[in-house]
Amino acid sequence: MDSTFQNTLKNKKDILAYSMKELGEYFESIGEKKFRAKQVYEWLHVKLADDFSEMSNLSKNLREKLEEEFYLDKLHIERVYTSKIDGTQKFLFRLCDGNIIESVLMRYKHGNSVCISTQVGCRMGCKFCASTLDGLVRNLTSSEMLKEVYTIQRFLNERVSNIVLMGSGEPMDNFDHVVRFVKMITDENGLHISQRNITISTCGLTENMRKLADEKFQVGLALSLHAADDETRRELMPVANRYSIQEALEACQYYFEQTGRRITFEYSLVAGVNDNLKEAEKLANLVGHMNCHINLIPVNPIKERDYKRSSGKNINEFKTYLERRGINVTVRREMGSDIQGACGQLRKSFIQGEA
Ligand code: SAH
């Protein structure tokens with residue numbers, strides 16, 4: 001076990017979870033000047049320090065005091081894989097308790113985008129997804145999610161401008177930490193990433209989608225729909241047994257009403273399951289009236305299941321049909337397909353000693 005994790009067991013507090021205001025209150029309570037809060041917050045969230053010892057404008061005494069009272073999460077970079085095709089990089093991080101997670105950096109013309117994990121594993125059980133094969137290990141804290149972005153930005157020495165919560169885990173199953181993460185990563189005293197440059201993807205936990213809408217962030221919401229009728233959706237996603245498509249769409253509509261943000265529907269195309277034109281027609285009938293965007297994802301087959309990717313012809317026909325119906329649609333560009341593109345695949349093979 002890593003020493004930082006042992007520290008948490010000694011009841012140290014998570015300093016990355018403190019807002020500037022809370023840090024100010026802490027410094028006042030120990031008789032320090034309030035401006036220390038700004039200095040420390042900047043070390044943590046702008047200069048992206050990994051250790052109290054880096055905080056060179058604090059006295060040694062004060063650094064030691066912080067060290068006694070708080071812990072500072074650090075993600076150890078276990079491996080970095082770089083795609084020869086498009087420069088996409090996959091990071092395998094080791095958390096303080098030894099768990100492994102993965103994050104992905106995608107380089108676009110409009111900037112660097114990071115796809116983060118929100119949980120170690122996942123308990124949603126979607127049939128085609130590698131992240132969920134061994135169930136949920138634990139939630140990530142908001143600080144660990146921040147560190148996914150911070151560690152990559154520090155490694156690159158370039159600004160990260162976009163974030164998608166589309167790695168392993170279900171963000172709406174870790175609601176409080178995800179909300180705190182959004183608040184902190186967009187804080188003007190920290191990295192100050194625009195809320196509009198963040199997208200949260202959910203399999204459709206409707207109560208928490210509504211709670212997220214009530215936060216009134218300008219964050220984008222993506223619903224993993226993957227089917228146009230409940231029966232097919234239930235085959236692919238156990239969550240469809242809890243909520244009907246209708247309920248999920250109502251929650252999306254509510255999100256749109258509260259935030260004004262257009263909803264994205266993700267639709268993973270699985271050969272012979274949901275990729276024929278009849279399904280495209282049903283999909284258009286279902287969401288065509290909404291202010292939305294459909295993102296088609298050719299399924300990335302995992303070896304544990306025998307789902308197959310749709311043919312190029314089927315993908316094109318599906319897309320063209322939706323376009324003809326006036327729907328905004330894109331096929332997700334495959335990024336880093338040479339470095340185990342699918343969610344959670346890399347972590348799993350790493351743990352099994354194959355990566
Ligand atoms: N829990 C969130 C984030 C999951 S990952 C959610 O369900 O939305 C982001 C998207 O990739 C989801 O739409 C997910 O269903 C999809 N996905 C996961 N594994 C996939 C695979 N092997 N092939 C294609 N899409 C996949």
Side-chain angles (χ1 to χ4, degrees), residues 90 101-104 106 113-136 139-140 145 148 163-175 177-178 181 198-206 208-209 212 219-227 232-240 242-243 245 248 251-252 255 263-271 273-275 283 292-310 315 318 330-337 339-349:
K90 278 212 156 192
I101 56 167
E102 59 183 84
S103 322
V104 187
M106 291 155 292
S113 181
V114 169
C115 172
I116 66 162
S117 295
T118 54
Q119 297 180 313
V120 182
C122 181
R123 58 176 175 165
M124 294 298 125
C126 299
K127 292 287 166 38
F128 43 78
C129 179
S131 301
T132 196
L133 287 168
D134 298 321
L136 176 68
N139 282 332
L140 293 181
M145 291 182 244
E148 292 181 63
I163 296 173
V164 294
L165 282 71
M166 292 189 184
S168 296
E170 167 49 47
M172 292 298 97
D173 191 33
N174 186 13
F175 186 82
H177 281 282
V178 163
F181 165 79
I198 299 177
T199 302
I200 297 180
S201 175
T202 178
C203 64
L205 301 179
T206 61
N208 284 349
M209 288 161 70
L212 184 69
V219 163
L221 183 69
L223 174 74
S224 295
L225 189 55
H226 303 325
T232 313
R233 194 162 188 261
R234 281 196 290 265
E235 265 177 48
L236 296 170
M237 307 173 73
V239 71
R242 265 162 81 187
Y243 307 100
I245 289 180
C252 287
Y255 190 88
I263 302 292
T264 297
F265 296 111
E266 291 161 289
Y267 193 101
S268 294
L269 287 163
V270 188
V273 177
N274 63 0
D275 69 337
L283 180 61
C292 71
H293 172 95
I294 296 181
N295 196 205
L296 300 174
I297 316 174
V299 85
N300 205 330
I302 55 173
K303 66 175 190 301
E304 290 81 359
R305 304 266 189 267
D306 60 0
Y307 288 119
K308 299 209 171 42
R309 164 185 302 253
S310 304
I315 296 171
F318 203 96
T330 43
V331 177
R332 180 176 293 176
R333 251 170 69 200
E334 250 183 290
M335 304 288 279
S337 53
I339 49 169
Q340 309 221 36
C343 259
Q345 245 180 31
L346 194 56
R347 165 178 175 264
K348 192 161 164 59
S349 40

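When a ligand or atom number is given, it counts from 1 through the structure's own listing order.
Considering CD1 of Ile297 and OG1 of Thr330, their distance stands at 9.5 Å, rounded to 0.5 Å.
For the side-chain contact (heavy atoms from CB on, under 4.5 Å) with Tyr255, the qualifying choice from Leu221, Ile200, Leu223 is Leu221, the only one to do so. Exactly one of Met237, His226, Arg242, Met172 qualifies for a side-chain contact (heavy atoms from CB on, under 4.5 Å) with Cys203. That residue is Met237.
For Ser201, the side chain to side chain contact (heavy atoms under 4.5 Å, CB included) partners are Met166, Ala222, Ser224, Glu266, not counting sequence neighbours. Residues satisfying the salt bridge (charged side-chain N to carboxylate O under 4.0 Å, His left out) criterion with Arg123, sequence neighbours excluded, are Asp173.
Residue contacts with ligand 1: Asn300 is placed with a nitrogen or oxygen under 3.5 Å of a nitrogen or oxygen of the ligand (distance criterion only). Residue contacts with ligand 1: Cys129 is placed with no nitrogen or oxygen under 3.5 Å of a nitrogen or oxygen of the ligand (distance criterion only). Ligand 1 has no N or O atom lying under 3.5 Å from any N or O atom of Pro171, backbone or side chain.
Contact annotation: Gly169 has at least one heavy atom less than 4.0 Å from an atom of ligand 1.
Ligand 1 places these atoms under 4.0 Å from at least one heavy atom of Val299: 23 (N), 24 (C). The contact set between ligand 1 and Met166, taken as ligand atoms under 4.0 Å from a residue heavy atom, comprises 5 (S), 9 (C). Close approach of ligand 1 to His226 (heavy-atom distance below 4.0 Å) involves ligand atoms 13 (O), 14 (C), 15 (O). Taking every heavy atom of Cys203 and a limit of under 4.0 angstrom, the matching atoms of ligand 1 come to 6 (C), 7 (O), 8 (O). The distance from ligand 1 to the heavy atoms of Ser224 drops below 4.0 Å at these ligand atoms: 6 (C), 7 (O), 8 (O), 12 (C), 13 (O), 15 (O).
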- request: Just do the side-chain contact (heavy atoms from CB on, under 4.5 Å) check on Arg233 and Leu225 with the steps written out, would you?
  value: CA-CA 8 Å; Arg233 194 162 188 261; Leu225 189 55; 4.1 Å; yes
message: Walk me through whether Leu140 and Val120 qualify under side-chain contact (heavy atoms from CB on, under 4.5 Å).
response: CA-CA 7 Å; Leu140 293 181; Val120 182; 3.7 Å; yes
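When non-hydrogen atoms are compared, ligand 1 lies under 4.0 Å from neither the backbone nor the side chain of Met124. With a heavy-atom cut-off of 4.0 Å, Ser201 touches ligand 1 through backbone and side chain alike. Residue contacts with ligand 1, taken as heavy atom pairs separated by less than 4.0 Å, do not involve Leu223 at all. Contacts of Glu266 with ligand 1, taken as heavy-atom pairs under 4.0 Å, involve the side chain alone.
Glu170 and Thr202 form a side-chain donor-acceptor contact under 3.5 Å, judged by distance and modelled atom types alone.
Between the side chain of Glu148 and the main chain of Ser117, a donor-acceptor pair closer than 3.5 Å is present.
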